[in-house]
Amino acid sequence: MRSYLVLTPPNDPRSGPERDLQSILVLRDGFSWLALLFPWIWLFWHRLWIAGSVVLLVQIGSGILMQVPGFWTAGLLLGFATSLLTALEGRHYRSEALIHRGWALGTVISAHDLRTAEEIYFSGLPQPEQQPMPVSAEWAKQAKPPAAGWQAPHMGLFEHGGR
């Protein structure tokens, strides 16, 4: 089972069944393979500019450190540790950044996949009330049925067989 965080957007004045459900964000919490392989690109992709810049500088520093004789292993471990840290905590950092921007953490759902987590969340929301159909007016009930058809000569260019 994986954990999914449900975040609701900021500044949504509507509440209850009328709120905008399409902007709700369901994020998986946990390890990210893309963040392990491309840490600073992953952070930039999720608009985490400062963290992405820091990771990019550390990755460049680890590459430079690998060029120094005797520090190749240290540079390799520094680069790998940075990637591993981004992979392990990147999604949590992203959710915390969104919360800092005003998003609200709705709930945490344990599910096998994203689709199941969304179904669990949206099935628990209150449904909008059923509005009764308007009652037809009295004048509509008393209306006479239309005549059998218009029998006058046609006024158009083409005749349509008396219709």
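In this chain, numbering begins with 1 at the start of the sequence shown.
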Do Trp33 and Phe80 sit in one hydrophobic cluster, given that two such residues count as connected whenever their side-chain heavy atoms are within less than 4.5 Å of each other, even indirectly?
yes
Check Ala111 against Tyr4 and note the closest heavy-atom contact, atom names and distance.
O-CE1, 3.7 Å
How long is the span from the CD1 atom in Ile41 to the NE2 atom in His46, to the nearest 0.5 Å?
12.0 Å
Hey, are the side chains of Trp42 and Leu36 touching, using non-hydrogen atoms and a 4.5 Å cut-off?
no
How many angstroms lie between atom CG of Leu65 and atom OG1 of Thr73, to the nearest 0.5 angstrom?
10.0 Å
Are Phe71 and Leu76 linked, directly or through other ILVMFWY residues, by side chains that come within less than 4.5 angstrom of each other?
no
Distance-minimising heavy-atom pair for Tyr93 and Ala51
CE2-CB, 3.5 Å
More than 12 non-hydrogen atoms from neighbouring residues, nucleotides or ligands closer than 6.0 Å to CH2 on Trp45, yes or no?
no
Say whether Leu77 and Trp72 are linked into one hydrophobic cluster, either directly or through other cluster members, by side-chain heavy-atom distances under 4.5 angstrom.
no
Gap separating the CD atom of Gln59 from the OG atom of Ser62, nearest 0.5 angstrom
5.0 Å
Leu43, Leu25, Ile99, Asp29 screened by side-chain contact (heavy atoms from CB on, under 4.5 Å) with Arg94, the one that passes:
Leu25
Heavy-atom pair with the smallest gap, counting every atom of Pro39 and Val55
CB-CG1, 3.8 Å
Rounded to the nearest 0.5 Å, what separates atom CZ in Arg28 from atom CG in Leu5?
11.5 Å
Write down the atom of His92, the atom of Ser95, and the distance for their closest heavy-atom approach.
O-OG, 2.8 Å
Taking Ser110 for its side chain and Ser3 for its backbone only, find out whether a donor-acceptor pair lies under 3.5 Å.
no
To check you understand the geometry: which heavy-atom pair defines the closest contact between Val26 and Val6, and what is its length?
CG2-CG2, 4.3 Å
Flag the pair Glu96 / Trp103 as yes when at least one side-chain heavy-atom distance between them is below 4.5 Å, and no otherwise.
no
If I compare all heavy atoms of Ser23 with all of Pro9, which pair ends up nearest, and what's the gap?
OG-CG, 3.1 Å
Taken to the nearest 0.5 Å, the spacing of Leu7 CG from Thr107 OG1 works out to 10.5 Å
Should we count CZ of Phe31 as having more than 12 external heavy atoms under 6.0 Å?
yes
Strictly under 6.0 Å, is that where the ring centroids of Trp40 and Phe38 end up?
no
Please determine whether residues Ile109 and Met1 belong to a single hydrophobic cluster, defined as Ile, Leu, Val, Met, Phe, Trp and Tyr linked transitively by side-chain heavy-atom distances below 4.5 Å.
no
Could you check if a side-chain atom of His112 sits within less than 4.5 angstrom of a side-chain atom of Arg2, using non-hydrogen atoms only?
no
Quick check: is Ile60 connected to Leu78 through a chain of hydrophobic side chains (ILVMFWY, heavy atoms under 4.5 Å apart)?
no
Interatomic distance, CG@Leu37 vs OG@Ser83, rounded to 0.5 Å, equals 8.0 Å
Stepwise side chain to side chain contact (heavy atoms under 4.5 Å, CB included) check, Leu105 with Thr8:
CA-CA 6 Å; Leu105 178 62; Thr8 55; over 6 Å; no
